[in-house]
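Taking it in order: structure first as C-alpha cells, then the write-up.
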Amino acid sequence: MDSSQSQQQSTNIGSSTGSGSIGAESLSSEGSPPLWRFVTRIEKQGAVGGTWKYRCNFCNENRTSSYSRVRAHLLQIKGQGIACCKKVSRADKLEMQKLDDEFENKKLDSGPREVPLPSESLSHLDSDAMFKKRNPHYMRSYTFAATHNIAGYKPPGYNKLRTTLLVQEKANVENLMIPLKSTWREKGVTIVTDGWSDPTRKPLINFMATSGNGPIFLKAVNCFGEIKDKYFNANLMKEVIQEVGHQNVVQVITDNAANCKGAGELIEKCSWITDIHGDAMVIKNFIMNHNMRLAIFQKFSPLKFLSVADTRFASIIVMLKRFKLIKRGLQAMVISDEWTSYREEDMGKANFVKDKIVNDDWWDKLAYIVDFTKPIYDMIRLCDTDKPCLHLVYEMWDSMIEQVKLEIYKKEGRPNSEFSPFYHVVYEILVARWAKSNTPLHCLAHSLNPRYYSDEWLLGDQSRIAPHRDGEVSRERMKCFRRLFALNDDVGKVMEEYAQFSMKSGPFEDLTCISRMHSMDPKSWWANFGAQTPLLQSLAFKVLGQPTSSSCSERNWSTYAFIHSLRRNKLNPSRAQDLVFIHNNLRLLSRNSEEYAELYTKMWNVGGDAFDSLEDVGFLEFAELSLDEPDLENVLLVED
C-alpha cells in the first residue's frame with residue numbers, strides 16, 4: 001500500500017477535531033490486528049515484516065514500529081521500547097483494550113495451526129543465510145525434524161525439562177569440556193570473576209576460567225544474605241582455585257571497570273574537553289529525542305549515533321569518534337531546508353545545536369580530543385578481550401604514552417624538549433593509572449617475549465632496551481621467580497636458564513632461533529627452541545597465554561539476562577546457573593565447528609541469541625553490542 005492509499009483509507013479515522021475516535025472504521029480485513037485502525041499508516045518499512053511508518057490519530061506524532069509497539073503505544077503499556085500515548089482518554093483506552101482482548105481470544109479459539117519450518121516461512125528472504133545465523137544447536141534440531149520421520153514423537157514435559165534433562169545436559173557439556181580443561185596444566189589458566197544482581201535483586205558472583213582456548217564458565221554463587229567482605233570473597237576464590245587446581249592458576253582478575261574508566265579521568269580533569277563532551281551530548285539528545293529531527297538526520301547520514309555504557313572503552317571517546325565520522329551529515333542536516341522549515345517550541349536549543357555543528361573551531365577541538373586519545377583508546381580496546389595479551393601490556397603502555405606525547409606536541413607546535421602543561425597533566429594521570437594496574441606478572445610476561453630481545457625491535461626506537469637491561473622489569477621478574485619456585489635449587493636453575501635466553505647463549509645461540517625471535521609467535525618460538533630450558537619453557541607456555549581483562553566475566557551477564565529475565569524471574573538460582581553453564585560453554589565449543597569458520601556460527605558465538613534477529617535491534621542497542629565485541633564490529637560495521 002503506498003502512502004496516498006493509506007491516507008485516503010484513513011480519512012474516516014477520528015472525529016472532525018482530529019482526535020482518535022473509537023468509532024473509527026476498520027482499515028483492514030477481518031482477522032487482522034484491530035488497533036491498526038487508530039493510526040494512519042504512511043509507508044511500509046522494508047520489503048518484509050510488519051514494520052510501518054505511521055501517525056498516531058490521538059497525539060499526531062509520527063513513529064516507526066511493528067504492531068506490537070503500536071499496541072503498547074495506544075494501550076499505554078510501559079517498558080516496550082516506545083513512549084505511551086498521552087492523548088488517549090480513559091474511555092478510548094478501555095474500548096481499545098476490549099477490541100484487543102476480543103482479538104486475542106479469537107486467536108486462541110481458532111485452535112492449533114501448522115507452523116511452517118524456518119526454511120519454508122522465509123521464502124521471500126535469503127532464508128538460508130538468516131537461518132544459519134542462529135544458534136547452531138537450534139539449527140540442527142530443526143534440520144533433523146525436517147529430514148526425519150518422527151511421527152508419534154512426544155516432547156518432554158515441563159518438569160522433565162527443568163530437572164532430569166537439564167542435569168543430563170549439564171553433565172554432557174561437562175564431558176565435552178574435558179579436552180579443553182586438560183590443556184590447563186601446560187597452558188595455565190586465569191580465574192576471572194565479576195558481580196551482578198539478577199532481576200529479583202539477588203547478588204551473584206560468577207567465576208570463569210580463561211586461557212588461550214577461550215573462557216569457560218565455572219559457576220555463579222548466590223550471595224543473598226551474605227556479608228561480601230574481603231574474607232568472604234577470598235574464601236570463594238580459594239574454593240574455585242582448588243576446583244581448577246592451584247598449580248594451573250597463573251593469575252586472578254577481579255574487576256575491569258576501573259581500567260576502562262581510567263581513560264575517562266584525563267577527560268574529566270580538563271574543563272575544555274568536558275565542555276566539548278557536554279555539547280556533543282546536547283546535540284545527540286536533541287536529535288534522538290525528537291522523532292522529526294531524527295528522521296531528518298537519517299536522510300543525511302548512513303551512520304548512527306552511539307550510546308555506550310560508562311565502563312566500556314572510555315565512553316566519551318567512543319561517542320566523539322562517531323561524531324567525527326558523521327560530521328558531514330550533521331552539517332548538511334542543519335543547513336537543509338527541512339531543518340530550517342521545521343518549527344517547534346524549543347527553538348533556542350535548536351539554534352544552539354546548529355551553531356555548534358557549523359562552528360569549525362568546535363570541530364577542531366573535537367578532532368584534537370579524538371587524535372590524542374586514540375593511542376589510549378586503541379590500547380584499552382586491545383586489552384579488553386579474552387585474547388592472550390599479558391605479554392604485550394608493558395610495552396604497549398610505553399608506546400601509548402609516547403604516541404600521546406607526539407599528538408599533543410604536534411598540535412601545540414612545541415619541540416620535544418619543551419615543557420607542555422597539558423601533556424604534563426595527561427602524563428601524570430596515565431602514570432598513576434599504570435602504577436595502580438601494573439603487577440610483577442606484566443614484567444615477567446614482558447621478559448619472556450622473545451620479540452623484545454630481537455635487533456629488529458630494539459633498533460626500531462632508540463629509547464628501547466631489552467627486558468634484562470631494564471631495572472624495573474628485572475626487579476619485578478625476580479619477585480615472580482622467588483614466588484613461583486619454592487625450592488632454592490629451582491630458583492637458581494630458572495635464573496640460569498633466563499640468563500642463557502636473554503643473552504642468546506647456550507641452546508639459544510642457533511642462528512635460526514635468533515632470526516625467528518621477532519617474527520614468530522612467542523609460544524611457538526618457545527615450543528621450537530626452549531626444550532633445553534624446561535623450567536623457563538613451562539613458565540613461558542603459561543604466562544604467554546593469559547588475558548589481562550575481566551571482560552569475559554562481564555559479558556557473561558548478558559547470557560544471564562537472556563535466561564533469567566524479568567519475564568522468567570521465577571527461575572530458581574541453581575537452575576539459572578545450570579542453564580547459563582550450558583549456554584555459555586556451548587557457545588565456546590561452537591568455535592571448533594566448521595560453521596564458525598564460515599562466520600555463521602561465529603555471529604552467534606560473538607553476538608549471542610540477540611543476534612538471531614538483527615533486523616529488529618535498534619541501532620543504539622546494536623552499537624553497544626558491537627563495541628562490546630570487537631570481532632563482531634569488524635564483520636558488521638564499516639565506518640568509511
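All figures in this text were calculated on a predicted structure; none of them were measured in a lab. One-based numbering along the sequence shown.
The backbone N or O of T143 lies less than 3.5 Å from a partner atom in the side chain of T147, making a donor-acceptor pair. S301 contributes no side-chain N or O that, together with a main-chain N or O of F297, makes up a donor-acceptor pair within less than 3.5 Å. No donor-acceptor pair under 3.5 Å is formed between the side chain of Q577 and the backbone N or O of K219. R37 places a side-chain N or O within 3.5 Å of a backbone atom of P34 that can act as its donor or acceptor partner. Here the side chain of H73 pairs a donor or acceptor atom with the backbone of A83 at under 3.5 angstrom. In this structure, D100 contributes its side chain and R71 its backbone to no donor-acceptor pair below 3.5 Å. With hydrogens and angles ignored, the 3.5 Å screen pairs a side-chain donor or acceptor of N57 with a backbone N or O of F38. N149 places a side-chain N or O within donor-acceptor distance of the main-chain N or O of A151, the cut-off being under 3.5 Å.
Between S65 and V70 there is a side-chain heavy-atom pair separated by less than 4.5 Å. Side chains of L166 and L161 form no contact here, defined as non-hydrogen atoms less than 4.5 Å apart. At a threshold of 4.5 Å between non-hydrogen side-chain atoms, the residues E169 and L586 count as touching. Residues D194 and I205 form no side-chain contact, since every pair of their non-hydrogen atoms from C-beta on lies 4.5 Å or further apart. Put simply, the side chain of M319 reaches to within 4.5 Å of the side chain of H277, judged on heavy atoms. You'll find the side chain of M292 stays beyond 4.5 Å of the side chain of E338, heavy atoms only. Between V39 and R55 the shortest side-chain heavy-atom distance does not fall below 4.5 Å.
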### Message
Show, in sequence, the C-alpha distance, side-chain angles and deciding distance for D92 and S89, and conclude whether the side-chain hydrogen bond (donor to acceptor under 3.5 Å, both in side chains) test is met.
### Response
CA-CA 5 Å; D92 287 346; S89 68; 3.2 Å; yes

### Message
Go through it in stages, so that I can follow the logic: the residues are C84 and K78, the test is side-chain contact (heavy atoms from CB on, under 4.5 Å), and I'd like the CA-CA distance, side-chain angles, deciding distance and then a yes or no.
### Response
CA-CA 7 Å; C84 298; K78 296 180 179 179; 3.9 Å; yes

### Query
Does the side-chain contact (heavy atoms from CB on, under 4.5 Å) test come out yes or no for N585 and E174, once each step is laid out?
CA-CA 9 Å; N585 291 333; E174 286 177 336; over 6 Å; no

### Message
Applying side-chain contact (heavy atoms from CB on, under 4.5 Å) to D578 and H583, what does each step give before you reach the verdict?
### Response
CA-CA 9 Å; D578 289 346; H583 193 90; over 6 Å; no

### Task
Tell me, with the steps shown, if K356 and V282 meet side-chain contact (heavy atoms from CB on, under 4.5 Å).
CA-CA 10 Å; K356 291 298 179 184; V282 170; over 6 Å; no

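Atom OG1 of T51 and atom CZ of R69 lie 9.0 Å apart (nearest 0.5 Å). Atom-to-atom distance recorded for N291:CG and I296:CD1 is 11.0 Å, nearest 0.5 angstrom. Between atom CG of residue L35 and atom OG of residue S68 there is a gap of 11.5 Å, rounded to the nearest 0.5 Å. Here CG of L94 is found 10.5 Å from NZ of K98. Values are rounded to the nearest 0.5 Å. Rounded to the nearest 0.5 Å, atoms CE (M208) and CG (N584) are 4.0 Å apart. L588 CG to I216 CD1: the interatomic distance, rounded to the nearest 0.5 Å, is 6.0 Å.
Under 3.5 Å, the side chains of D101 and Q97 contain a donor-acceptor pair of N or O atoms.
Residues L74 and V88 approach most closely at O-CG2, 3.8 Å, considering heavy atoms. Scanning all heavy atoms of the two residues, the minimum distance from W339 to V334 falls at CD1-O, 3.5 Å. Scanning all heavy atoms of the two residues, the minimum distance from K160 to P156 falls at CD-CB, 4.3 Å. Closest of all the heavy-atom pairs between Y54 and R41 is CB-CA, 4.0 Å. Residues N222 and P203 share a closest heavy-atom pair of OD1-O, 3.6 Å.
Within a 6.0 Å sphere centred on OH of Y158, heavy atoms belonging to other residues, nucleotides or ligands number 12 at most. Counting non-hydrogen atoms of neighbouring residues, nucleotides and ligands closer than 6.0 angstrom, the CG atom of N289 exceeds 12 such neighbours.
Using bins of under 30°, 30° to 60° and over 60° for the plane-to-plane angle, the ring pair H290/F286 lands in the tilted bin. Using the six-membered ring where Trp is involved, W36 and Y67 have ring planes that are tilted, between 30° and 60° apart. Aromatic ring orientation, W362 versus F323: perpendicular (interplanar angle above 60°, classes split at 30° and 60°).
Between R63 and E61 a salt bridge is recorded (basic side-chain N to carboxylate O distance below 4.0 Å).
For the pair K170 and F581, the cation-pi test (distance below 6.0 Å, angle within 45°) is passed.
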Pairs under 3.5 angstrom only: tabulate donor-acceptor contacts from the side chains of residues 324-332 to other protein residues two or more places apart or in another chain.
| from | atom 1 | to | atom 2 | distance (Å) |
| --- | --- | --- | --- | --- |
| K324 | NZ | D371 | OD1 | 3.3 |
| Q331 | NE2 | I357 | O | 3.1 |

